[in-house]
Every structure is written in structure tokens, then in C-alpha cells.
Amino acid sequence: MQKLIITAAITGAATVPSLTPYLPITPEEIANSAIDSARAGAAIVHIHARRPNDGFPSSDPELFKEIVQRIRDKSNVIICITTGGSTLMTIEERTAVIPILQPEMCSFNLGSINFALHKSLPAIQTFKYDWEKNYLEKSKDFIFKNTFKDFEHLCRIVRETKTRPELEIYDVGHLYNLDHIANEGLLSPPFHLQFVMGVLGGIRGNPEDLTFLHTKASVLFGKNNFTWSVIGVGASEINLSTMAIHMGGHVRVGLEDNIYIEKGVLAKSNAELVQKIVDLSNMLNRDIATSNEARSILGIKKEL
Ligand code: KMH
Ligand code: ZN
């Protein structure tokens, strides 16, 4: 079995600051949290930016530049930059930073879905920032737009910048979308799939959902033509991670997707979540990949 690649998703756009005081917000906090996650065992860090004064999700390339520079100064970790951004951003805003920073990896969302966040509302008694309540309520009526035209735009960018796409699969139709664009010659295998499970609007995080996605991907692309990882959004994070460790997949954890280290207990950092996966993996006798080993497993050949 391949060594386990752990990705730490540091801050995202779906977790609002009032949900946890431990969410990194400023470029310095995001970079430090990424560096600490890498020290704990993450081979990849998945990066979003936020407005430093109030944590609102941002696509400002200057913020991304500062975050990436700070990480690169201190760590050899693979940097995977979001092109999902937030549901409020256009595809142009979401992808602007990729040609500028030329990261080793970027996310690539493979279908339009509902991406509802309003189920977080009851957990918040007091809002720290004005925008948060509206942002969560309005998500009931937002579509996370990823059309075939958007795929073409993103395929062009990853091809031109030689960035390895992490292909985000929120439901089974997204595997068929990938099959279609691969048949058109826009992307070619081996693919790195990220099964994103538990978003309200996508597939849930039940064990049979993961085995179904994995089986479907094997039938469509052939077992040797893809690597895969899983994100359990919310309560399913650790359970799905355990399944993936056992099945030969890889794992993404972090405050972007889940804020709890155990039932009712907030994770104090991204590194704490990474450490939990390292411990689980040790118990299950699976070795952890370094960033360089992950580069070789994923076929990342970029000169930095
Ligand atoms: N927050 C995840 C559920 C992206 O950044 O491109 C989805 C995500 C998308 O990470
Ligand atoms: Zn993300």
C-alpha cells in the first residue's frame, strides 16, 4: 500500500469565525498553522485566504502571495491552492491567483451543487462579525457553480501552469463529468481524486457512499489510473479517514471541513487534527508520506 498522504485544509470558506476561536484568519496565522500541520505530518496544505480584519473569505492575490511566501520560507510542504474560493466568487476571481503563484497543486471542483451552510446557525449564540449570519442564511439559496465552461477555463490554467489538479468529487455525477472532459482530451490520467463527502447538497458521509464512489471511479478509470483521498465534512471526518487509511486512499482533515477533535470538543489547531490521523495510521500500520514522497506518488514534477 502507498504511504498515507495527509492534507491539512487550514481555514476554507465554509467555517465562519464564530464557530471556533481556533480558526486561522490572517496570512500569518494561516501560514503558521500550515507550517505546524506539516510538522505534525501533513504532506500537503490546502489554502484559502480571508480578509485579515474580519475573516471574510477573500480571493485577493496579495493575501495568497503573503501566505504562500511565509509557508515557503519555512517549509517544504506541498501547497494546494483553492480554486473553489467561496460560492460568492466568480470562476475568474477563484482562479486568478494560480498563474501568479504557480503552485504545485490546486483544487478543481467537478460539478455545480447546492452548498448549504445554514445548518451551522443553531451552533452560534453570538456572532463575532456582521457578515457571518447573512452568509450562512443566504447559502440556502446559493449554487456553487462549476459548469463545463468553468472546467475548460480551469483545464487551460492547470495545463499552462503545470499545476496538479486535486479533483473534487462531491457526488457520483462528478465522476462522469471528469470522464467526459477526459474523453474530450482536456485532462488526462492518472487523476488525483478528492471525494468530498458530507456537504449539504452533495453525497453524505456513510461508509457505503465511500465504497460506491471508489468502486465507480475504479470502473470508469481503471484502478491504476487514479489516486484518491477523502474529506469527511463535519462529523464523518475521522470515520471516513479511518476507512481511507484501511482502503489505501489518502486523507484530508482540517478546520476548513471539521472543527471538532472529538464529539463536542473543539480542535485547538489543524496540527491536532493531523496528529490524530498520524496516530490512527500508526495503529493501522500504515506509514505516513513526507512531502517529497507525496510528490512522487502524485507525479508532481514542478521545479520551485
Ligand atoms: N471546503 C470543501 C468542502 C475548494 O477549495 O476548492 C471544498 C473545497 C473546495 O475545499
Ligand atoms: Zn477549500
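Each ligand, and each atom within it, is numbered from 1 in the order the structure gives.
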Under a plain distance cut-off of 3.5 Å, with no hydrogens placed, do [Y] and [X] share a side-chain donor-acceptor pair?
X	Y	answer
Asn206	Asp209	yes
Gln194	Ser229	yes
Ser236	Asn239	no
Asn270	Ser33	yes

Within less than 4.0 angstrom of ligand 1, does [X] place any heavy atom?
X	value
His46	yes
Asp257	yes
His48	yes
Met197	no

| message | Could you measure the distance from the CG atom of Leu117 to the CG atom of Asn114? Nearest 0.5 Å is fine. | response |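 Spacing of CG (Leu117) from CG (Asn114) equals 11.0 Å.
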
| request: State the atom name: nearest N, O or S atom of His48 to the Zn ion (ligand 2). | output: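 Closest to the Zn ion (ligand 2) among those atoms: NE2.
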
| Which atom of Glu256 approaches the Zn ion (ligand 2) most closely (N/O/S) | OE2

| query | What part of Phe115 sits under 4.0 Å from ligand 1 if we count only heavy atoms: the side chain, the backbone, both or neither? | reply | side chain

| message | Show the atoms of ligand 1 that are less than 4.0 angstrom away from any heavy atom in Gly84. | response | 4 (C), 6 (O)

| What atoms of ligand 1 come within less than 4.0 Å of a heavy atom belonging to Val196? |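 Answer, ordered by atom number: 3 (C).
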
Should the pair [X]-[Y] be classified as a salt bridge under the 4.0 Å nitrogen-to-oxygen rule?
X	Y	value
Arg70	Glu66	yes
Glu62	Lys65	yes
Arg51	Asp54	yes

Tell me the protein heavy atom at minimum distance from [atom], and give that distance in Å.
atom	result
atom 4 (C) of ligand 1	Thr82 OG1, 3.3 Å
atom 2 (C) of ligand 1	Arg252 NH2, 3.4 Å
atom 6 (O) of ligand 1	Ser107 OG, 2.6 Å

Just distances here: any N/O of [X] and N/O of ligand 1 closer than 3.5 Å?
X	result
Glu256	yes
Tyr170	no
Val233	no

| task | Could you tell me whether a side-chain N or O of Asp257 sits under 3.5 Å from a main-chain N or O of Val253, the two making a donor and an acceptor? | result |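 Not a single qualifying donor-acceptor pair exists.
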
| query | side chain to side chain contact (heavy atoms under 4.5 Å, CB included) with Leu193: which of Val230, Leu110, Leu178, Leu213? | reply |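 The single option meeting the side chain to side chain contact (heavy atoms under 4.5 Å, CB included) with Leu193 is Leu178.
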
